[in-house]
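Have a look at the structure below before the remarks.
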Amino acid sequence: MLTFTDAQVLGWVTPILWPFLRVLALFSALPVFAQRGVPARVRVALAFLIAFCAQVSLPEMPPIPLDSAPALLAVIQQVLIGLSLGFAVRIVFAAIEFAGELI
């Protein structure tokens, strides 16, 4: 029987959890992915795939216990970063659309 300690599971989960939350928040605000035509399962799967692929290039993160206040703050931080990136892209799309209307 396989047994894992909490520290081992936390060491496996945390490197992918924080980028996953950031990318998922980004996809919820992006103009192309935030529409109803893109199912939520596709967004979640694509966010997981991107987070999994980006895990290799990211620096090593210290494991944060998921049932603590710093973990809640880290979740809020990652979601706010992802949403702000998504809304910045939305502003760029709106500027290009407005420039096209002016022309």
Side-chain angles (χ1 to χ4, degrees):
M1 185 166 122
L2 293 174
T3 57
F4 302 111
T5 64
D6 289 339
Q8 287 175 327
V9 173
L10 200 59
W12 294 330
V13 170
T14 52
I16 201 165
L17 178 67
W18 309 125
F20 171 71
L21 290 174
R22 184 181 293 190
V23 173
L24 192 60
L26 173 69
F27 282 166
S28 68
L30 277 179
V32 177
F33 289 106
Q35 297 178 1
R36 291 184 199 174
V38 180
R41 288 183 183 176
V42 171
R43 281 183 266 179
V44 170
L46 192 58
F48 181 78
L49 179 68
I50 290 173
F52 184 74
C53 293
Q55 181 183 4
V56 177
S57 65
L58 294 175
E60 183 134 357
M61 297 180 205
I64 301 171
L66 298 179
D67 59 348
S68 64
L72 179 65
L73 292 175
V75 166
I76 292 170
Q77 176 190 21
Q78 296 300 318
V79 169
L80 285 177
I81 291 171
L83 286 175
S84 63
L85 287 171
F87 286 129
V89 172
R90 190 175 286 245
I91 289 172
V92 170
F93 271 56
I96 292 171
E97 182 181 336
F98 184 66
E101 288 177 8
L102 286 178
I103 291 175

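Computed over heavy atoms, backbone and side chain alike; hydrogens, waters and symmetry mates excluded.
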Item to check | Euclidean distance, Leu30 CG relative to Leu85 CG, rounded to 0.5 Å | outcome: 9.0 Å
Next on the checklist: Quick check: is Leu10 connected to Ile64 through a chain of hydrophobic side chains (ILVMFWY, heavy atoms under 4.5 Å apart)?
Outcome noted: yes
Checklist entry - Under a single-linkage definition using a 4.5 Å side-chain heavy-atom cutoff for Ile, Leu, Val, Met, Phe, Trp and Tyr, are Val9 and Met61 assigned to the same hydrophobic cluster? => result yes
Item to check | Single-linkage hydrophobic cluster, 4.5 Å side-chain cutoff, Phe27 and Phe52 together | outcome: no
Checklist entry - Atom CZ in Arg22, atom CG in Leu83: separation rounded to 0.5 Å? => result 11.5 Å
Item to check | Glu101 CD: over 12 foreign heavy atoms closer than 6.0 Å | outcome: yes
Next on the checklist: I'd like to know if Val75 and Val23 are part of one continuous hydrophobic network [Ile/Leu/Val/Met/Phe/Trp/Tyr, side-chain heavy atoms within less than 4.5 Å].
Outcome noted: no
Item to check | Pairs meeting criterion side chain to side chain donor-acceptor pair (under 3.5 Å) with involvement of residues 27-51, two or more places apart | outcome: none
Next on the checklist: Would Leu73 and Gln77 count as a side-chain contact (heavy atoms from CB on, under 4.5 Å) here? Give the steps.
Outcome noted: CA-CA 6 Å; Leu73 292 175; Gln77 176 190 21; over 6 Å; no
Checklist outcome for this item: Correct closest heavy-atom pair for Phe20 and Val44 would be CE1-O, 3.6 Å
Item to check | Cluster link Phe48 to Leu46, ILVMFWY, side chain under 4.5 Å | outcome: no
Next on the checklist: To the closest 0.5 Å, what do you measure between CD1 (Ile16) and CD1 (Ile50)?
Outcome noted: 11.5 Å
Checklist outcome for this item: Rounding to 0.5 Å, atoms CG (Leu26) and CD (Gln78) come to a distance of 12.0 Å
Checklist entry - Which hydrophobic side chains are connected to Phe98, either touching it within the sub-4.5 Å cutoff or through other members that do? => result Leu102
Next on the checklist: Using 0.5 Å steps for rounding, measure from the SG atom of Cys53 to the CG atom of Leu58.
Outcome noted: 11.0 Å
Next on the checklist: I need the minimum non-hydrogen distance between Ala71 and Pro65, along with the two atoms involved.
Outcome noted: CB-O, 3.2 Å
